[in-house]
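Just so you know, ligand 1 is whichever comes first in the structure, and atom 1 is the first atom listed for that ligand.
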Amino acid sequence: MRLELRGITKRFGDLVANDDISVTFEPGQIHALLGENGAGKSTLMNVLYGLLTPDAGEIYVDGEPVVFGDPAGAIEAGIGMVHQHFMLVPVFSVAENVELGAESVGAFGFLKAQSAADAVRRVSSEYGLEVDPNAIVEDLPVGIQQRVEIIKALTREAECLILDEPTAVLTPQETDELLTIIRGLRDAGKTIVMITHKLREVREAADVITVIRRGRVVAESVSPQTSQSQLAALMVGRDVSLVVDKPEAAVGDEVLSVSELSVYDVTGRALVDSVSFQVRAGEVLCIAGVQGNGQSELVEALVGLHERSSGAVSLGEVRIDGASTKRILDMGVGYVPEDREHDGLVGSFPLAHNMVLDSINEQPWSRFGLIDYAKINKHGADLIEQFDVRARSADVLAATLSGGNKQKVVLAREMSRSLRVLIASQPTRGLDVGSIEFVHRQIIEARQSGVAVIVVSTELDEVYALADRIAVMYAGTIAGIVDPGISRDDLGLLMAGAVAS
Ligand SMILES: Nc1ncnc2c1ncn2[C@@H]1O[C@H](COP(=O)(O)OP(=O)(O)O)[C@@H](O)[C@H]1O
Ligand SMILES: [Mg+2]
């Protein structure tokens, strides 16, 4: 199926999310749509899938103009979409999920002639998907759940498959398997559109690349042989360095020591299960792993945000488990939370106030109960300058900033304090390549100044760029603490639960 988008424009209020975009997807090709966060990729695909109505532009299927009022129309035309967040019913079986909603899209093809289970088996074996139709979805690993979404589209006779950031939740091995499946679909003549911001995968999988920046096509028919740095430059519009310069580590004394730390959920189940490690001054310990293996709870426990935990955490000689978050931060622990929107900033406060969030009632920002706003504003303005926050002034409200700039504000606040430990959770999630470069530099700078740094990341490129040592979390435990010389394959195996040798 040849799919052509011509002159698509989509506005949200004043924002032009898609600005006169034209692109053609050919059958038998994997077409990567590459662009940084907020470039307009999902918007374009939602237009194509009938979820959004464009303000201008046309869609052609095999040369014929089409208008999709809703996804049912797109599905009927042979377009399937695998969303970033799966849309499966967890307690249903694979077959039940595939059957679900089939009527509303016409119940054609496979599903008319045979049972859903047979359809799953047939599609599954035809494309090497290896999914058991009777398995319950919630028991399946994420990578297999994603295949269920693909099967669902294929049983509806999709000729074009759109995958929106399909590898964001996968281990390296699952990613490889997915790419193999996609190649098989391509070879069977399907039209594949893969949305991503990951340069490595684009170069590995794509037959052709279109780069989108700020709602516009900035490069078309780009070859997958193009270097990562050239692709990054196209995405961002300037040269960026993809790997931060990292001087030799000058490792000092042990600063943070964690011993048999466990964290429990309300039912008493261990989400973090007797984890022990140490971090020394001047080193970066990266905690790698697939999302949801206890990393978030571990970090929450370290900074005193989790009520149900056991074990010991020491900062130098002082036990800090059981201490309040405020006290832990005051003792020199910097914290960049995973969810900067909710935990890192107060959106309705100006930037300057966010820069002194936990200490606004203390010296030097307040004296004798009087808040020194002039001083706080000056401090805010200085940090905005120093951390390259793109905002008009320190008066603007935090909520109005983009993700990358919000993250810079959190980093600026934490790093302007006197730190012994910096704990950064997913510090670059959702950031564009340019902001990632900046954040990585700040983290390495903290390491150079002798701070003991913990970075939690699900992105292997980030782990390799920053880590002096890598602790891999799997199912609440540390599967191994390894040297960053470890291969991606071996690291991926640890992430999938293999035991370090
Ligand atoms: N429903 C919406 N309402 C308002 N703004 C939106 C909506 N969806 C997306 N946007 C904005 O449109 C721009 C493009 O978003 P999106 O297509 O999701 O980017 P990408 O998928 O490339 O990360 C962003 O600035 C985003 O905030
Ligand atoms: Mg998107």
Side-chain angles (χ1 to χ4, degrees), residues 5 7-23 25 31-57 59 68-71 74 79-87 146 149 161-170 178 192-199 201-202 205-206 209-220 222 231-237 240 291 339-342 345 347 390-391 396-407 426 428-436 458-459:
L5 295 163
I8 299 289
T9 294
K10 177 69 194 172
R11 295 189 194 87
F12 297 109
D14 290 340
L15 182 100
V16 189
N18 288 165
D19 188 358
D20 192 20
I21 292 185
S22 297
V23 57
F25 306 119
H31 196 132
L33 214 52
L34 180 69
E36 56 186 25
N37 252 274
K41 307 179 295 292
S42 293
T43 300
L44 189 67
M45 290 306 107
N46 288 337
V47 165
L48 182 53
Y49 196 57
L51 283 162
L52 291 170
T53 308
D55 296 301
I59 302 170
F68 302 135
D70 54 23
I79 299 172
M81 184 145 167
V82 177
H83 293 273
Q84 209 166 341
H85 304 285
F86 307 148
M87 311 220 164
Q146 188 175 54
E149 291 277 18
L161 205 58
I162 303 167
L163 300 120
D164 195 349
E165 307 266 2
T167 63
V169 290
L170 303 183
L178 175 71
I192 309 287
V193 184
M194 180 169 148
I195 300 181
T196 183
H197 64 269
K198 295 191 186 174
L199 303 170
E201 284 155 21
V202 164
I209 305 168
T210 296
V211 185
I212 296 185
R213 185 166 78 228
R214 294 186 188 182
R216 301 181 138 249
V217 173
V218 291
E220 50 191 324
V222 179
L231 289 173
L234 286 171
M235 277 166 75
V236 187
V240 287
Q291 182 149 10
D339 185 347
R340 55 188 161 256
E341 312 275 336
H342 292 105
L345 296 169
R390 307 283 164 81
V396 306
L397 304 184
T400 63
L401 297 187
S402 71
N405 284 305
K406 282 179 182 156
Q407 191 68 316
Q426 309 290 2
T428 61
R429 176 150 70 202
L431 303 195
D432 56 64
V433 212
S435 300
I436 292 173
T458 53
E459 296 282 338

Quick test: of every protein heavy atom, which one is nearest to [atom], and how far off is it to 0.1 Å?
atom: atom 18 (O) of ligand 1; result: Ser42 CB, 3.8 Å
atom: atom 6 (C) of ligand 1; result: Phe12 CD1, 3.2 Å
atom: atom 24 (C) of ligand 1; result: Gly38 O, 3.9 Å
atom: atom 19 (O) of ligand 1; result: Gly40 N, 3.2 Å

task = Kindly confirm whether the Mg ion (ligand 2) is within less than 2.8 Å of some N/O/S atom in Thr43?
result = no
ask   = If you round to the nearest 0.5 Å, how far is CZ of Arg216 from CD1 of Ile21?
value = 9.0 Å
ask   = Which value, rounded to the nearest 0.5 Å, describes the distance between Ser22 atom OG and Glu220 atom CD?
value = 8.0 Å
task = Look at ligand 1 and say whether His197 reaches it with a heavy atom at a distance under 4.0 Å.
result = no
ask   = Looking only at heavy atoms of Gly35, does any of them come nearer than 4.0 Å to an atom of ligand 1?
value = no
message = Using side-chain heavy atoms (C-beta onward) and a distance below 4.5 Å, is Thr43 in contact with Asn46?
response = no
Student check: side-chain heavy atoms of Phe68 and Thr53 closer than 4.5 Å = no
query = Any non-hydrogen protein atom below 4.0 Å of atom 16 (P) of ligand 1?
reply = yes
ask   = Looking only at side chains, do Glu149 and His83 share a donor and an acceptor under 3.5 Å apart?
value = no
key: Met45 and its side chain to side chain contact (heavy atoms under 4.5 Å, CB included) partner, picked from Asp164, Val193, Ile79   = Val193
key: Of Arg390, Lys406, Gln407, the residue whose pairing with Leu401 passes side chain to side chain contact (heavy atoms under 4.5 Å, CB included)   = Lys406
ask   = Do side-chain atoms of Thr9 reach the backbone of Asp20 as a donor and acceptor pair under 3.5 angstrom?
value = yes
Out of all atoms in ligand 1, which are within 4.0 Å of some heavy atom of [X]? Include the element for each.
X: Thr43; result: 9 (C), 14 (C), 15 (O), 16 (P), 17 (O)
X: Ala39; result: 19 (O), 20 (P), 22 (O)
X: Glu36; result: 22 (O)
X: Leu15; result: 11 (C), 12 (O), 13 (C), 25 (O)

